[in-house]
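Residue numbering restarts at 1 for every chain, and letters A, B, ... go by the order of the sequence lines.
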2 protein chains.
Amino acid sequence: MKAPGSTTAVAGATGTSPSEGGERKSINPELWYGCAGPLVSLPPVGSLVVYFPQGHSEQVAATMQKDVDVQIPNYPNLPWKMICLLHNVTLHADPETDEVYAQMTLQPVNTNDKEAFLASDLSPKTNRLQTDFFCKTLTASDTSTHGGFSVPRRAAEKIFPPLDFSMQPPAQELQARDLHDNVWTFRHIYRGQPKRHLLTTGWSLFVSGKRLLAGDSVLFIRDEKQQLLLGIRRANRQPTNISSSVLSSDSMQIGILAAAAHAYANHSPFTVFYNPRASPSEFVIPLAKYNKAIYSHQITLGMRFRMMFETEESGT
Amino acid sequence: MKAPGSTTAVAGATGTSPSEGGERKSINPELWYGCAGPLVSLPPVGSLVVYFPQGHSEQVAATMQKDVDVQIPNYPNLPWKMICLLHNVTLHADPETDEVYAQMTLQPVNTNDKEAFLASDLSPKTNRLQTDFFCKTLTASDTSTHGGFSVPRRAAEKIFPPLDFSMQPPAQELQARDLHDNVWTFRHIYRGQPKRHLLTTGWSLFVSGKRLLAGDSVLFIRDEKQQLLLGIRRANRQPTNISSSVLSSDSMQIGILAAAAHAYANHSPFTVFYNPRASPSEFVIPLAKYNKAIYSHQITLGMRFRMMFETEESGT
DNA sequence: TCCTGTTGTCGGCCTTTCCGACAATTTGG
DNA sequence: CCAAATTGTCGGAAAGGCCGACAACAGGA
């Protein structure tokens with residue numbers, strides 16, 4: 001996990017690229033959610049949430065590829081869960097890796113206020129506008145330098161602009177924007193025997209620019225303005241150990257717990273970074289969802305709260 | 001000449017590219033001056049300058065590849081020169097062509113004020129900080145798709161980061177920013193028999209992206225932060241006739257003269273665009289420089305003011 | 001099970017790009 | 001004016017990348 005705006009985007013080993021000092025434009029939420037995957041939803045701003053310091057700490061440990069260390073001191077006054085008001089959410093993407101993450105500002109509220117505690121109804125179902133999209137896991141052929149990208153037939157016909165079939169073969173130029181608003185250009189052609197949709201020219205630059213490997217996924221979205229958006233989801237590979245470059249895993253976990261304890265004692269706002277793809281455990285949950293789970297399953301102290309498992313593949 | 005921020009940069013036929021709505025960051029002055037060439041200097045903001053409406057009109061005519069038309073009406077109250085206060089200067093570069101130009105805000109001052117007229121001393125020699133750079137005119141081999149870019153030996157050793165000569169062959173990745181802050185990446189290798197410095201991978205993308213031809217020049221600057229900057233100077237080719245796309249040559253010249261006449265009559269500020277490479281005639285001159293020329297040569301009414309000719313090749 | 005539609009991989013071939021050879025040119029005595 | 005250093009151009013070779021062939025696979029009858 002990195003602080004936002006920490007680096008300069010350099011896309012492509014050989015191509016041109018913009019140099020963004022941080023993120024000058026706001027991230028497109030549709031594309032962010034697409035890259036985050038179908039399991040991820042963020043609580044609405046202004047709602048009450050439950051924050052689990054332990055789960056947060058675990059996510060960092062997972063990112064750092066390290067188990068929770070026994071040397072972490074105890075914070076006797078830190079509860080295992082904290083009811084908080086969600087003040088603010090901003091979406092981000094690492095300019096180097098396209099990894100998506102969110103920054104949330106939380107403020108602990110008084111748990112004795114039973115009214116607020118129980119008043120929160122079912123979250124207004126954060127309506128993730130379901131625009132048209134498709135997601136394909138890349139094959140060896142897709143990522144090899146030998147050829148282009150084989151587009152699933154139904155996906156191409158649903159998402160891409162229609163081809164002019166009077167041409168032989170039918171072909172067009174596609175442009176798509178990624179999370180950083182970079183434009184990628186591809187030749188889209190319908191050819192071969194049997195006929196199929198392919199992306200040829202421009203594809204290899206995208207693969208090398210994003211450093212994609214077989215097993216990673218690409219995501220095309222057609223937004224309400226008929227613009228194409230383009231994102232990636234990397235396969236779960238070994239997380240890179242970035243502790244040496246910034247802070248040790250131990251220090252980060254101590255920092256998380258200490259920050260939570262301080263905020264809890266003072267009812268003061270604090271900030272967390274949530275990396276949806278780093279770990280399946282969520283550590284910020286809508287209060288309504290939590291209450292619902294409580295009444296149906298009886299969560300006991302110290303139990304870990306996990307999302308139900310759903311398959312990650314999506315996009316028909 | 002175009003208005004600033006008129007287009008979206010899309011560099012390279014196939015690569016990634018930023019989408020800049022106008023210029024979000026200010027242009028790097030060192031690089032701007034490098035691209036403008038050694039003859040160009042801009043008067044300092046706040047100084048007094050002499051503005052030549054006729055010279056301005058001629059520059060536009062040269063840009064439009066058209067002689068001054070006889071149908072231009074006379075402006076009897078428009079003097080052949082106007083003493084002005086230079087309020088503001090902003091540097092620009094066309095996002096499509098990298099053509100550099102400057103926007104200046106001028107305000108006519110009372111010529112009767114002899115004091116101001118004579119008080120202006122020698123301009124404080126706009127100290128164009130002489131950082132390290134080199135400029136090479138591209139050969140047929142440099143621009144053909146057959147190979148890469150042959151880097152003059154001394155230039156490479158002066159400007160580029162030193163190679164690790166324990167490698168065989170010594171090579172590294174170079175990154176350089178252009179006027180729009182796009183990053184270009186090149187493989188820099190020292191090889192061949194006899195040994196020479198070459199830019200290989202990435203070079204052809206730059207050539208096609210900037211649409212460079214043999215005879216055009218490239219410019220590498222190493223700034224004070226050891227960052228590489230990269231610019232181009234196009235050979236003087238036939239100017240493109242852009243009159244049809246915006247305004248006729250006649251209309252533009254009438255507009256220039258009318259605007260100058262109006263500003264002169266009202267002592268009100270007006271704006272001019274100065275394109276240093278479009279024409280050798282300057283139409284905004286520091287007053288001090290003008291006075292100096294006056295006393296040595298006796299300029300007569302209607303005479304054209306031209307810079308002394310210097311060779312354009314530079315960079316040792 | 002079989003049929004049909006879809007798509008992953010491959011050989012063939014052309015283009016692009018990397019390499020050192022060599023000669024043309026420049027520089028410095 | 002000659003010798004050494006530099007660098008422009010080229011043939012050969014390797015890699016990139018477009019093409020349809022074909023077979024593997026998936027889904028429905």
Side-chain angles (χ1 to χ4, degrees), chain A residues 12-15 134-158 167-173 185-209 213-218 313 315-316, chain B residues 12-15 134-158 167-173 185-209 213-218 313 315-316:
Chain A
T14 56
F134 79 87
C135 180
K136 182 194 174 187
T137 299
L138 299 176
T139 66
S141 294
D142 290 330
T143 51
S144 93
T145 59
H146 187 63
F149 174 63
S150 185
V151 191
R153 180 192 180 89
R154 288 163 206 295
E157 288 168 357
K158 186 173 61 164
M167 300 173 70
Q168 270 319 314
Q172 66 183 332
E173 182 178 272
T185 304
F186 305 107
R187 177 173 167 83
H188 168 208
I189 191 166
Y190 184 69
R191 64 165 169 81
Q193 200 52 249
K195 295 269 183 274
R196 89 282 311 279
H197 292 270
L198 297 164
L199 299 187
T200 58
T201 309
W203 174 254
S204 70
L205 280 174
F206 179 71
V207 169
S208 62
L213 302 176
D216 296 337
S217 303
V218 293
E313 284 305 312
T316 53
Chain B
T14 57
F134 79 87
C135 179
K136 182 194 173 187
T137 299
L138 298 177
T139 66
S141 294
D142 290 330
T143 52
S144 92
T145 59
H146 186 64
F149 174 64
S150 185
V151 191
R153 180 192 179 89
R154 288 162 205 296
E157 289 169 356
K158 184 172 64 164
M167 300 174 68
Q168 270 319 314
Q172 66 184 333
E173 182 177 89
T185 304
F186 305 106
R187 177 171 164 83
H188 168 208
I189 191 166
Y190 185 70
R191 65 164 169 81
Q193 200 50 249
K195 296 267 182 276
R196 89 283 309 276
H197 292 271
L198 297 164
L199 300 187
T200 59
T201 309
W203 175 253
S204 69
L205 281 174
F206 179 71
V207 170
S208 61
L213 301 177
D216 296 337
S217 303
V218 293
E313 284 305 314
T316 57

Roughly, in whole Å, what's the span from NE2 in A:His197 to P in C:dT7?
9 Å
Nearest heavy atoms of B:Ser150 and B:Arg196, plus distance in Å:
OG-CG, 4.4 Å
Please classify the nucleic acid contact of A:Ile189 as base, sugar-phosphate, or nothing, using heavy-atom distances under 4.0 Å.
sugar-phosphate
B:Pro194 side chain: which of D:dT7, D:dT9, D:dC19 is closest?
D:dT7
If every non-hydrogen atom of A:Phe149 is compared with every non-hydrogen atom of A:Leu138, which pair is closest and at what distance?
CE1-CD2, 3.5 Å
Can you tell me if the side-chain N/O atoms of A:Arg154 get under 4.0 Å from OP1 or OP2 in C:dT6?
yes
Taking for each residue the nucleotide of DNA chain D with the nearest heavy atom, is it A:Gln193 or A:His146 whose nucleotide lies nearer the 5' end?
A:His146
Expressed as a whole number of angstroms, how long is the span from B:Arg187:CZ to D:dG16:P?
12 Å
Hey, does A:Leu198 have a side-chain heavy atom less than 4.5 Å from the side chain of A:Arg191?
yes
Between A:Ile189 and A:Thr200, is the side chain to side chain contact (heavy atoms under 4.5 Å, CB included) condition met? List the steps.
CA-CA 7 Å; A:Ile189 191 166; A:Thr200 58; 4.1 Å; yes
Strictly below 4.0 Å: does A:Ser204 bring a side-chain N or O up to OP1 or OP2 of D:dG17?
yes
Of the nucleotides D:dT7, D:dA23, C:dG8, which has the atom closest to the A:Asp142 side chain?
C:dG8
Taking CZ from A:Arg153 and C1' from D:dG27, how many angstroms apart are they, rounded to a whole number?
15 Å
Looking only at the side chains, is there a donor atom on one of A:Thr145 and A:Ser204 sitting less than 3.5 Å from an acceptor on the other?
no
Within the structure, does a side-chain N or O atom of B:Lys136 lie under 4.0 Å from either OP1 or OP2 of D:dT6?
no
Which part of the nucleic acid, if any, lies within reach of B:Ser144 when heavy atoms closer than 4.0 Å are counted: base, sugar-phosphate only, or nothing?
nothing
Would you mind classifying the nucleic acid contact of A:Thr145 as base, sugar-phosphate or nothing, using non-hydrogen atoms under 4.0 angstrom?
base
Is A:Arg196 close enough to C:dT7 that one of its side-chain N or O atoms is under 4.0 Å from OP1 or OP2 there?
no
Under 4.0 Å from OP1 or OP2 of D:dG20: is there any side-chain N or O of A:Arg191 that close?
yes
C:dG8 phosphate, OP1 or OP2: any side-chain N/O from A:Ser150 under 4.0 angstrom?
yes
Can you measure A:Leu198 atom CG to C:dT9 atom P for me and round it to whole angstrom units?
13 Å
Tell me the interatomic distance from B:Trp203, atom CH2, to D:dG8, atom P, rounded to whole angstroms.
12 Å
Using only side-chain N and O atoms of A:Thr139, determine if any of them is under 4.0 Å from OP1 or OP2 of C:dT7.
no
From OH of B:Tyr190 across to C1' of D:dT7 the rounded distance in Å is 12 Å
To the nearest Å, how far apart are B:Lys195 NZ and D:dA5 C1'?
15 Å
Need one value for B:Ser141: base, sugar-phosphate or nothing, where a base atom within 4.0 Å counts as base even if backbone is also close, heavy atoms only.
base
Going by heavy atoms in the side chains, are A:Glu173 and A:Thr201 under 4.5 Å from each other?
no
Over how many whole Å does the gap from B:Phe149 atom CZ to C:dT17 atom C1' extend?
17 Å
